[in-house]
Amino acid sequence: MKRTHYCGELRAAQVGQKVTLTGWVHVRRDLGGIVFIELRDRSGTTQTVFDPQHNKPSWELAQSLRSEFVIAVEGTVRQRPAGTENAKMATGEVEVLTHQLEILNPSETPPFQIDESGGAQAGEDLRLQYRYLDLRRPAMARNLVLRHRMAKAVRDYFDGNGFLEVETPILFKSTPEGAREYLVPSRVNPGKFYALPQSPQQFKQMLMVAGVDRYFQIAKCFRDEDLRADRQPEFTQIDVEMSFITREDMYAIIEGLLAAVWLAARGETIPTPFPRMPFIEAMERFGSDKPDTRFGIELVDLTKDFAQSQFKVFRGAVDSGGVVKAINAKGLASATQGQIETLTETAKSFGAKGLAFIKVEGGEWKSPIVKFFSDTEKKALIEKLKIEEGDLILFGADKREIVWEVLGRLRLVVADLLKKQGTLKVRDDQWNFLWVVDFPLITFDRESNRYLSTHHPFTAAVAEDLSLLDSEPTKVRGQHYDIVLNGVELGGGSIRIHKPDVQKKVFEDVLKIPPDIAQSRFGYMLQAFRYGAPPHGGIALGFDRLCAILCGSTNIRDVIAFPKTAKAVDLMTSSPSEVESKQLRDLHIKLDVEDAG
RNA sequence: GGGGGUGUAGCUCAACUGGUUCAGAGCGCUGCCCUGUCACGGCAGAGGUUGCGGGUUCGAGCCCCGUCACUCCCGCCA
């Protein structure tokens, strides 16, 4: 029997047609005299009817059908009898009266039900172990379809704009500057290793030197770092690089891309251009370089107001060069003692020494600290924070960076509390795209006691700041941009350095990479730049995150066909796994682990 | 590396402060009945070493220690 239609496509238009369907038994409703089998394939479900008066052999065979049996049926599409239509089903107007049934393969009872009442609630480990069953669920099948549509929209868009998709190697060279890498031993080069690329960064720059001019790739990337809901060890980026462009060109191209993707995935036109915000403004107002601008609760600066304060904590912060800032969680004065404690713990975990707060309840300021405030200070608070009954004010007083971070995090936490309480409404279908720009080119890393690239060492500086590179390196802005959506970093990129001497200076003088190491790691790049490297720049967008957002999920495992667990394990195939000693010998590797094997 | 959460029937969960609803419910599964169901319905039934290993106790699903798995977060992710 050869399939003529997908289950989900039958409508009244096909009434009277003889059709053959294949698929899985989704639900069996055996009424004794008559059997209904809801048949499912990737497109949806259709009700098939087995009637003994119409065709006794297939009716008899239908008694033996169970969940997830794979069958083929031949029958006639007919209008359902009046009153038995099902408005909840896309195919609910019609049904297939079956003449013939073939069982292509029986199925054991699945470990969880393949529907939203079973599979969606099943434990994550079970779903991952039986991923092939989980992916049969309509919701997961929809995610796969949407991801495909998005990838196609990306390719069509770039193709239409003169880009070439070029594949770059998966076996790359170790460059331990950034994320921890996956290493691959070389059998034919004993003791030497490849690394899987964290991104195709260096190759795409070489493609620019090669004159490709406009490159993109839907590229697999690998990072051996700890996992999160939005981080997998292997993930997919929309990787882009262009020659002879400025930042403005890049903004326009990516805005066009995202508009095309939103149109393909949701049929929505998103307004462009996107707003832009300097890094420093994002930090001052939202305490984050990826602010969710769908709601307020902005950071308010009170440094000047408390510069002479009797309250030693605030005064001390200001005296030692720090700042005093606060957020107003409107409507959260009802917070319990426990919730305040949790907020305090959060603040402490991000470096605060404590958490000063004011609850505005019953016309009073309930707070352990207001007794230290002067009338002028109180007045300033009321005005700047627009304090009203029911508010909860949270303070940060410390070094600028710590206050940003602490209040930025608290802002998100209290927003969640207010959402749960119903006071704050944040729409999931509101798309606040934002370019965050003017990042510092380099930041001082206290841990390693040296300067590190904020983005990566190939980022060009903003031209007018270049003179500060030697004197005040942290004041230099990079030509770096991040694209942010609703508090999620979708991607980032930069205009690159294309002059060999500038690149060398950044490696050696700014980042203090010893010349011999810079040479062995990046020598080919410096050399390439001496042969007429065009000015160029690029960006990379997290494709999985983009898919997750458009699928309405906060977890990228929902949009990756075969993801790994938080411990980077594939539960379906049980990988990683031990290997045979011969394999290790061939690779010249000796293990140094307890309980190996 | 650190912190939080979870682990009881095939699945999702309940079982109050440790003790007569000490192993339960819904779904699923098995059998029988049922010719218009679509969360089909009815009757009957099977199914458990409460993740694993110790410990405390007269008594542990519940408390303690260890361990494993899953998950969320911090660090990390140029």
Side-chain angles (χ1 to χ4, degrees), chain A residues 26-38 45-54 59 63 66-68 80-89 91-92 95 97 108-130 133 175-181 198-199 201-202 221-233 235 342 345-346 348-351 405 409 412-413 441-443 445 447-448 450-459 478 480 489 492 494 506-507 511 513 521-522 540 542 554-555 557 564-567 569 571:
Chain A
H26 190 57
V27 190
R28 169 179 60 113
R29 288 184 289 272
D30 185 345
L31 271 62
I34 191 169
V35 178
F36 297 99
I37 297 293
E38 222 174 285
T45 63
T46 279
Q47 172 164 287
T48 62
V49 190
F50 295 83
D51 187 335
Q53 292 183 345
H54 178 72
W59 170 75
Q63 319 276 315
R66 294 293 181 271
S67 286
E68 300 308 310
R80 291 198 189 185
T84 66
E85 302 89 350
N86 187 346
K88 282 182 277 184
M89 283 176 79
T91 58
E95 63 189 10
L97 180 64
E108 289 184 19
T109 302
F112 55 85
Q113 285 165 263
I114 313 300
D115 59 25
E116 299 324 295
S117 67
Q121 268 76 42
E124 186 96 32
D125 42 350
L126 199 70
R127 290 175 52 200
L128 289 172
Q129 187 187 343
Y130 296 94
L133 297 181
T175 51
E177 288 299 300
R180 194 177 295 112
E181 300 164 318
Q198 309 162 32
S199 84
Q201 180 62 36
Q202 295 173 48
C221 306
F222 306 86
R223 291 178 191 175
D224 186 8
E225 298 289 352
D226 285 355
L227 287 77
R228 289 283 190 286
D230 61 351
R231 277 164 30 187
Q232 284 273 308
F235 61 101
T342 308
E345 285 311 308
T346 305
K348 283 183 178 167
S349 71
F350 289 101
E405 170 108 32
R409 296 284 181 155
L412 297 178
V413 174
L441 182 68
I442 51 179
T443 7
D445 181 57
E447 207 169 298
S448 56
R450 63 193 179 115
Y451 291 110
L452 293 176
S453 300
T454 308
H455 184 46
H456 59 49
F458 318 118
T459 303
H480 166 197
E489 184 193 327
S494 62
V506 169
F507 285 149
L511 300 176
I513 302 173
R521 271 179 210 161
F522 305 112
T554 52
N555 194 318
R557 287 191 299 269
K564 293 179 176 58
T565 68
K567 271 207 175 154
V569 168
L571 291 177

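Predicted model, so just to flag it, every value in this text is computed and none were measured. Residue numbering restarts at 1 for every chain, and letters A, B, ... go by the order of the sequence lines.
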TODO: Measure from the side-chain N and O atoms of Thr454(A) to the backbone N and O of Leu441(A), and report whether any donor-acceptor pair falls under 3.5 Å.
DONE: yes

TODO: Could you walk me through whether Phe522(A) and Phe458(A) pass ring pair (Phe, Tyr, Trp, His ring centres under 6.0 Å), step by step?
DONE: CA-CA 11 Å; Phe522(A) 305 112; Phe458(A) 318 118; 5.7 Å; yes

TODO: In whole angstrom, give the distance that lies between atom CZ of Phe50(A) and atom P of C38(B).
DONE: 18 Å

- [ ] At under 4.0 Å between heavy atoms, which parts of nucleotides 66-78 of chain B does protein reach? Answer with one letter per nucleotide, 5' to 3': B base, S sugar-phosphate only, - none.
- [x] ---SSSSSBBBBB

Could you go through nucleotides 23-29 of chain B and list every protein N or O atom that sits under 3.5 Å from one of its N or O atoms, giving the distance for each pair?
| unit_1 | atom_1 | unit_2 | atom_2 | d |
| --- | --- | --- | --- | --- |
| C27(B) | O2' | Gln113(A) | OE1 | 3.0 |

Task: Counterpart base for G41(B), defined by Watson-Crick or G-U wobble contacts under 3.5 Å - done: C33(B)

Open item on the list: Using modelled atom types and a 3.5 Å cut-off, is there a donor and acceptor pairing between side-chain atoms of Glu177(A) and backbone atoms of Thr175(A)?
Closed with: no

Open item on the list: If I take atom CZ from residue Arg521(A) and atom CZ from residue Phe507(A), how far apart are they, to the nearest 0.5 angstrom?
Closed with: 10.0 Å

Open item on the list: Does Val27(A) reach a base, just sugar-phosphate, or nothing at all? Heavy atoms under 4.0 Å.
Closed with: sugar-phosphate

Open item on the list: Using the C1' atom as the point on both nucleotides, what is the distance between U67(B) and C29(B), in whole Å?
Closed with: 34 Å

Open item on the list: Regarding Leu126(A), tell me which of base, sugar-phosphate or nothing describes its non-hydrogen contacts under 4.0 Å with the strands shown.
Closed with: sugar-phosphate

Open item on the list: I'd like to know if the side chain of Arg450(A) and the backbone of Asp445(A) have a donor-acceptor N/O pair within less than 3.5 Å.
Closed with: no

Open item on the list: Is the shortest side-chain heavy-atom distance between Arg223(A) and Arg231(A) below 4.5 Å?
Closed with: no

Open item on the list: Nearest 0.5 angstrom please: Thr45(A) OG1 to Asn86(A) CG, how far?
Closed with: 9.0 Å

Every protein N/O within reach of nucleotides 45-49 of chain B N/O, cut-off under 3.5 Å:
none

Task: nucleotides 32-37 of chain B: protein proximity per nucleotide (B base, S sugar-phosphate only, - neither; heavy atom, under 4.0 Å) - done: --BBBB

TODO: Flag the pair Tyr451(A) / Thr443(A) as yes when at least one side-chain heavy-atom distance between them is below 4.5 Å, and no otherwise.
DONE: no

TODO: Between G18(B) and C62(B), how far apart are the C1' atoms? Round to whole Å, please.
DONE: 6 Å

TODO: Pick the C1' atom in A46(B) and in U35(B), then give their distance to the nearest Å.
DONE: 30 Å

Open item on the list: Run the salt bridge (Lys or Arg N to Asp or Glu O under 4.0 Å) test against Arg29(A) and tell me which residues pass, sequence neighbours left out.
Closed with: Glu38(A)

Open item on the list: What's the gap between G53(B) and G10(B) when it is taken at their C1' atoms, as a whole Å value?
Closed with: 26 Å

Task: Heavy-atom closest pair, residues Lys564(A) and Pro233(A) - done: CD-CG, 3.7 Å

Task: Spacing between Glu345(A) atom CD and G5(B) atom P, to the nearest angstrom - done: 13 Å

Task: Rounded distance (nearest 0.5 Å) linking atom CZ of Arg28(A) with atom CZ of Arg66(A) - done: 4.0 Å

TODO: State the pairing partner of A69(B); accept Watson-Crick or G-U wobble contacts with both distances under 3.5 Å, and report none otherwise.
DONE: U6(B)

Task: U12(B) to A39(B) separation - C1' atoms, rounded to the nearest Å - done: 15 Å

Task: Electrostatic pair Glu225(A)-Arg180(A), nearest N-O below 4.0 angstrom - done: yes

Task: Pairwise P distance for G61(B) and G7(B), with rounding to whole Å - done: 15 Å

Open item on the list: Taking U17(B) as the reference, what is the distance to G2(B) when you measure between their P atoms (whole Å, please)?
Closed with: 31 Å

Open item on the list: Can you check the distance between U50(B) and C58(B), where both ends of the measurement are the P atom (answer in whole Å)?
Closed with: 22 Å

Open item on the list: Just to verify, what does His26(A) make a side-chain hydrogen bond (donor to acceptor under 3.5 Å, both in side chains) with, not counting sequence neighbours?
Closed with: Arg40(A)

Task: Spacing of Thr459(A) atom OG1 and Ile442(A) atom CD1 [to the nearest 0.5 Å] - done: 11.0 Å

